[in-house]
Amino acid sequence: MERGMLKHRSLLWGILWVSCCACLAGCRGAETVRIVRIGHNQSTNHPTHIALTAFQELINERLGDRYVVEVYPNELLGSQTDMVQLTQTGAIDFCVASNAILETFSKDYEIFNLPYLFASTASYHHIMDDPEVTGPIFGSTKKAGFTAVTWLDAGTRNFYTIDRPIESPADLKGLKIRVQQSPTNIEMMRLLGGSATPMGFGDVYTALQSGIIDGAENNEMALTDNGHGDVCRYYSYDMHQMVPDILIGNTAFMEELSEEERALFEEGFRLINQVEREEWTMAVAEAKARAAEEQGVHFLYPDQRPFVEACRPLHDKVLEKNAALLPIYEKIQAYNVRYPSED
């Protein structure tokens, strides 16, 4: 516990140091320039960073006499949990957070973790672009000190395994599959017949290589960027989850913006979403090509229906425990009818 406190204290001192330097730099002119800090946990070549850099350029160009945006990649401002807390208190202004972390602040985010919630990528994108659906969820953490300002596409999560192709839920029987550390994912694996093995993402490669686990689940970039395709031969598009990442902003900072400034920031948030989605599409295509050609990964396209049916009880269980999600769930189902599976 003492080590954790020291780490958090060191992180806060680092933020204060950056703040002091920024203040001194800003005070050189006639007016103080407000430094806007954004943190995330991806590399500088990741779609998230590229999109945030586009936002940085827009704000610095249009409001540079008042605001200067600085983007901190690679967990330079701490882990995602650290950054959410720093955004909550206003020590930093924005950060990219996973849906799982936000679920601890608002149960409304729980719905996005449901397996097979979206019938297709098109349905997923239309839902996330609909403010009637996302608005209440994004604003549900306002009292906690932050609000969501836009969403980021994190693709589809699929199963990949060392030496057994997954073409039906029966193929998962007896396999130890790494999942994210959440009760929803553990229950999903139980319903599909596999053995859930929760662990931190940084431990997955070694666990695959040593045979501690038989496979994992994630998007295609885990194969190339994290080397999992060096060990796993099969990647199956069961598309069990489409979980967005969320850009959150400190509520007090957002409310202090003038009407003109807020409009420009909102334009920047839309730009982040647009650029990230375009970059994501290209990054996935590149990762898939590299995995097939350089790592020898075989891509499979199983019938999704048996997977969906196996996980249906989990939908009922979550909705029974959190009835407030039912109107959102019904709107998602309406989009699923309009935008059915691409198969």
Side-chain angles (χ1 to χ4, degrees), residues 11 14-15 17-19 21-23 25-26 32-84 86-87 90-99 101-102 125 128-129 138 146-155 201 219-222 224-226 243-250 253-254 257 260-287 290:
L11 182 61
I15 297 296
W17 182 84
V18 172
S19 299
C21 291
C23 183
T32 300
V33 176
R34 171 71 155 81
I35 303 299
V36 178
R37 287 174 293 278
I38 306 176
H40 67 90
N41 66 347
Q42 303 291 353
S43 68
T44 54
N45 61 357
H46 192 275
T48 291
H49 185 78
I50 295 170
L52 291 174
T53 301
F55 173 80
Q56 176 185 40
E57 293 172 353
L58 174 70
I59 299 301
N60 290 357
E61 179 183 342
R62 303 274 290 277
L63 290 175
D65 58 332
R66 284 168 275 177
Y67 298 96
V68 172
V69 174
E70 296 178 350
V71 180
Y72 295 85
N74 293 315
E75 294 190 340
L76 289 174
L77 299 182
S79 68
Q80 277 200 352
T81 300
D82 291 331
M83 289 187 285
V84 170
L86 291 169
T87 304
I92 64 176
D93 305 291
F94 298 93
C95 77
V96 177
S98 71
N99 190 79
I101 292 175
L102 297 183
H125 287 174
M128 297 307 302
D129 286 338
F138 286 1
F146 63 86
T147 54
V149 296
T150 193
W151 66 280
L152 303 172
D153 193 353
F201 186 64
N219 61 60
E220 298 91 336
M221 281 186 277
T224 53
D225 290 5
N226 304 100
V243 186
D245 285 334
I246 307 292
L247 180 67
I248 64 171
N250 176 263
F253 171 75
M254 295 296 296
L257 295 172
E260 172 214 354
E261 292 166 348
R262 182 61 181 259
L264 195 56
F265 269 76
E266 293 289 351
E267 180 182 338
F269 300 148
R270 292 190 294 272
L271 179 65
I272 290 171
N273 180 270
Q274 174 191 336
V275 171
E276 194 274 343
R277 284 160 71 172
E278 291 171 354
E279 291 289 333
W280 184 269
T281 300
M282 292 188 290
V284 165
E286 180 183 349
R290 282 180 54 201

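Both backbone and side-chain heavy atoms feed into the values below; hydrogens, waters and symmetry mates do not.
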Please round to the nearest 0.5 Å and tell me the distance separating atom [atom1] of [X] and atom [atom2] of [Y].
| X | Y | atom1 | atom2 | value |
| --- | --- | --- | --- | --- |
| Asn250 | Ile92 | CG | CD1 | 9.5 Å |
| Glu278 | Glu276 | CD | CD | 10.0 Å |
| Phe201 | Asn41 | CZ | CG | 10.5 Å |
| Phe55 | Leu247 | CZ | CG | 7.5 Å |
| Gln80 | Glu75 | CD | CD | 7.0 Å |
| Glu220 | Glu286 | CD | CD | 12.5 Å |

Do you know the tightest heavy-atom contact between [X] and [Y]?
| X | Y | value |
| --- | --- | --- |
| Val243 | Ala154 | O-CB, 3.4 Å |
| Pro73 | Thr44 | CG-CG2, 3.7 Å |
| Leu102 | Phe146 | CD2-CE1, 3.7 Å |
| Leu52 | Ile272 | CD2-CD1, 3.8 Å |
| Ala287 | Thr224 | O-CG2, 3.4 Å |
| Leu77 | Asp82 | O-CB, 4.3 Å |

- request: Check whether any side-chain N or O of Asn60 sits under 3.5 Å from a backbone N or O of Val69 as a donor-acceptor pair, and report yes or no.
  value: yes
Just wondering, do [Y] and [X] contact through their side chains at under 4.5 Å, heavy atoms?
| X | Y | result |
| --- | --- | --- |
| Gln42 | Val96 | no |
| Arg34 | Asp93 | yes |
| Val284 | Asn219 | no |
| Tyr67 | Glu261 | yes |
| Leu152 | Trp280 | no |

Would you please name every residue forming a salt bridge (Lys or Arg N to Asp or Glu O under 4.0 Å) with [X], sequence neighbours left out?
| X | value |
| --- | --- |
| Arg270 | none |
| Asp153 | none |
| Glu57 | none |

task: Please report the C-alpha distance between Arg290 and Asp225 in whole Å, then the side-chain angles of each, then the deciding distance to 0.1 Å, and finally whether the side-chain contact (heavy atoms from CB on, under 4.5 Å) criterion is met.
output: CA-CA 10 Å; Arg290 282 180 54 201; Asp225 290 5; 4.3 Å; yes
- prompt: Passes side-chain contact (heavy atoms from CB on, under 4.5 Å), Arg62 versus Phe265? Steps please.
  reply: CA-CA 10 Å; Arg62 303 274 290 277; Phe265 269 76; over 6 Å; no
Candidate pair Phe138 and Thr147, rule side-chain contact (heavy atoms from CB on, under 4.5 Å), full reasoning: CA-CA 6 Å; Phe138 286 1; Thr147 54; over 6 Å; no
task: Flag the pair Arg66 and Glu260 as a salt bridge only when some basic side-chain nitrogen lies within less than 4.0 angstrom of an acidic carboxylate oxygen.
output: yes
- prompt: Yes or no on side-chain contact (heavy atoms from CB on, under 4.5 Å) for His40 and His46, after CA distance, side-chain angles and deciding distance?
  reply: CA-CA 11 Å; His40 67 90; His46 192 275; 5.7 Å; no
